[in-house]
Amino acid sequence: MKIHLRQIPEEGLHLEGDEDCPIPELEKEGIKCAGPLHYSLDMGISEGSLWANGRLSQGVEVTCVSCLERFVHTIEVPDFALLTELTGPEMIDLTPFIREDILLNLPAYPHCDRQDGKVCKAPEVKPEIAKEDPPRKPDWSALDKLDLGKN
Ligand SMILES: [Zn+2]
């Protein structure tokens with residue numbers, strides 16, 4: 001998402017639209033964009049810096065860690081903000097900033113039932129207690145081999 005500085009008037013600029021998936025390289029890890037990135041940003045130039053703030057939203061197809069089903073999770077960044085010093089080029093690429101915020105908001109352990117009221121089909125995991133061994137009978141055989149000393 002490249003912004004030409006001359007596009008930004010003194011009073012600032014509001015931009016809304018769609019951009020290509022900012023995290024295409026995550027596809028090999030099973031995280032795939034489901035549709036474009038939506039953005040709604042206000043931006044402006046002040047004291048040699050470009051600022052922008054607004055909302056980002058990106059649907060991603062991920063795998064539920066419980067039932068292993070693929071589902072779409074929507075990453076919402078309601079308070080995206082950036083401030084970057086203008087150091088020369090008249091064209092500023094906002095993609096790295098957007099990418100970073102999308103990555104920060106990726107679910108580390110996606111659960112298909114966290115959004116949209118879906119019910120996860122994964123079988124309920126029983127606590128480990130059930131696996132405990134039955135009480136063991138004391139094994140005296142080792143003691144029998146000991147020479148318990150002579151009186
Ligand atoms: Zn699930």
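Ligands are counted one by one from 1 in listed order, and the atoms in each one are counted from 1 as well.
- Electrostatic pairing of K2 and E19 does not count as a salt bridge here, judged by no charged N lying under 4.0 Å from a carboxylate O.
- Partners of E90 under the side chain to side chain contact (heavy atoms under 4.5 Å, CB included) rule, at least two apart in sequence or in another chain, are H4, R6.
- Using a distance-only test at 3.5 Å, with no hydrogens or angles considered, a donor-acceptor pair links the side chain of T95 to the main chain of M1.
- For the disulfide bond (SG atoms under 2.5 Å apart) test, no residue two or more places apart in sequence or in another chain qualifies with C64.
- Residues that satisfy the side chain to side chain contact (heavy atoms under 4.5 Å, CB included) test with E100, not counting sequence neighbours, are absent from this structure.
- Here 4 is the count of protein N, O or S atoms positioned under 2.8 Å from the Zn ion (ligand 1), waters not counted.
- In summary, E27 and K32 do not engage in a salt bridge, as defined by a charged side-chain N under 4.0 Å from a carboxylate O.
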